[in-house]
Trainee: 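Submitted below is the structure of interest, expressed as structure tokens.
Quick note: numbers below take in every heavy atom, side chains included, and nothing from hydrogens, waters or symmetry partners. Sequence positions, counted from 1, serve as the residue numbers for this chain.
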Amino acid sequence: SHYNDVTFSREDGGHEQEGAGGRRGHDGVDREEPPEEDAHLTIMTSHSLGRMEDMSRKVQAAVEAMMGSIEKSHLRKMQKNAFTCSAKCFDNSTDSTQVVNACVENCQRPIADVQNFVQSEIQEFQERLNRGVLACQDKVKDKYALADDSSGGFQKEKATRDLEQCVIESTNKLLLQLPNIEKRIIKNIDSK
């Protein structure tokens, strides 16, 4: 289902890799130091990206479970009613094609309305996830922007841990909102 595509986004959408000549940026160009505007993104290591992917999978599973529950408890009945209604549109053989099509469209409208509502709710949830990640990146960037890293990478490791912890806490708080999203979706379905 297209409702299950929940992911984390980074501000630049790319990943950094270690290159032979130093750092390789998300654009594939080797450079000794990242440009100033990308400095806060350099704290993402492969380990932290792995933890972010784990968190993304956790969110994905939670959204899929919520949508599976709604589909089984509410949407199937609604879809059945829409199909039954649509089938009855063909009972009168004297109706014009336009009348039959309008009848079918009218039967399917509640399903389309619910799908739009669900898509809107999931999109808002995704945007809140993304804003949380960006807020964490800004928080860590501000905290470590002027830090001297003469300690052999200690600051970078600490910044990475701080970012991971912030994103995990932010995401876990947002996951607590899923029951409210589920209630709003069910309320919308029940109103049809």
Trainee: Treating Ser69 as the side-chain partner and Ala65 as the backbone partner, does any N or O pair qualify as donor plus acceptor under 3.5 Å?
Mentor: no

Trainee: Hey, could you give me the OG/CD distance between Ser120 and Gln115, rounded to the nearest 0.5 Å?
Mentor: 13.5 Å

Trainee: Tell me, which pairs form a disulfide bond (SG atoms under 2.5 Å apart) where one or both residues lie in residues 60-90, sequence neighbours left out?
Mentor: Cys85-Cys107, Cys89-Cys103

Trainee: Start with the C-alpha distance between Gln123 and Gln119, add both sets of side-chain angles, then the distance that settles side chain to side chain donor-acceptor pair (under 3.5 Å), and finish with yes or no.
Mentor: CA-CA 6 Å; Gln123 183 177 353; Gln119 188 171 357; 5.5 Å; no

Trainee: Does Thr171 use its side chain to pair, donor to acceptor, with the backbone of Ile168 at less than 3.5 Å?
Mentor: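 Answer holds: no.
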
Trainee: Before you tell me yes or no, could you show the steps for Gln126 and Asn130 under side chain to side chain donor-acceptor pair (under 3.5 Å), namely the whole-Å CA-CA distance, both residues' side-chain angles and the distance that decides it to 0.1 Å?
Mentor: CA-CA 6 Å; Gln126 175 70 59; Asn130 292 341; 3.1 Å; yes

Trainee: Answer whether the closest heavy-atom distance between the side chains of Tyr144 and Lys158 falls below 4.5 Å.
Mentor: yes

Trainee: Which value, rounded to the nearest 0.5 Å, describes the distance between Asn116 atom CG and Ile111 atom CD1?
Mentor: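 Reported value, rounded in 0.5 Å steps: 11.5 Å.
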
Trainee: Charged N to carboxylate O below 4.0 Å: is that the case for Asp54 and Arg57?
Mentor: yes

Trainee: Atom CG in Leu163, atom CD in Gln137: separation rounded to 0.5 Å?
Mentor: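 Reported to 0.5 Å precision, the distance equals 6.0 Å.
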
Trainee: Check Ala62 against Leu178 and note the closest heavy-atom contact, atom names and distance.
Mentor: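 So the two residues come closest at CB-CD1, 3.5 Å.
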
Trainee: Would you say the side chain of His74 lies within less than 4.5 Å of the side chain of Ile185, judging by non-hydrogen atoms?
Mentor: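 No, side chains not in contact.
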
Trainee: Remaining members of Phe90's ILVMFWY cluster at a side-chain heavy-atom cut-off under 4.5 Å?
Mentor: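 Val100, Val104, all in the cluster of Phe90.
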
Trainee: Counting only heavy atoms from other residues, nucleotides and ligands, does the tally under 6.0 Å from NZ of Lys192 exceed 12?
Mentor: yes

Trainee: What distance separates Asp162 CG from Glu157 CD, expressed to the nearest 0.5 Å?
Mentor: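 Here the rounded value is 12.0 Å.
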
Trainee: Does the side chain of Glu164 reach to within under 4.5 Å of the side chain of Met55, using non-hydrogen atoms?
Mentor: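 Glu164 does not reach Met55 side chain to side chain.
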
Trainee: Quick one: do Ile122 and Met66 satisfy side-chain contact (heavy atoms from CB on, under 4.5 Å)? Show the steps, please.
Mentor: CA-CA 11 Å; Ile122 298 300; Met66 177 189 75; 3.9 Å; yes

Trainee: Using a strict threshold of under 4.0 Å (side-chain N to carboxylate O), is an ion pair present between Glu105 and Arg109?
Mentor: yes

Trainee: What is the distance from atom CD of Glu121 to atom CD of Gln177, rounded to the nearest 0.5 Å?
Mentor: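 Rounded to the nearest 0.5 Å, the CD-CD separation comes out at 11.0 Å.
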
Trainee: Quick one: pull up CZ in Arg131 and CG in Asp138 and give me the separation to the nearest 0.5 Å.
Mentor: 13.5 Å

Trainee: Decide side chain to side chain donor-acceptor pair (under 3.5 Å) for Gln165 and Glu169; before the verdict, give the C-alpha distance in whole Å, the side-chain angles of both, and the deciding distance to 0.1 Å.
Mentor: CA-CA 6 Å; Gln165 190 60 38; Glu169 289 173 8; 3.0 Å; yes

Trainee: Is there side-chain contact between Ile189 and Phe117, with heavy atoms separated by less than 4.5 Å?
Mentor: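 Not in contact.
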
Trainee: Before giving the answer on side-chain contact (heavy atoms from CB on, under 4.5 Å), spell out for Ile181 and Glu124 the whole-Å C-alpha distance, their side-chain angles and the decisive distance to 0.1 Å.
Mentor: CA-CA 10 Å; Ile181 293 170; Glu124 182 180 333; over 6 Å; no

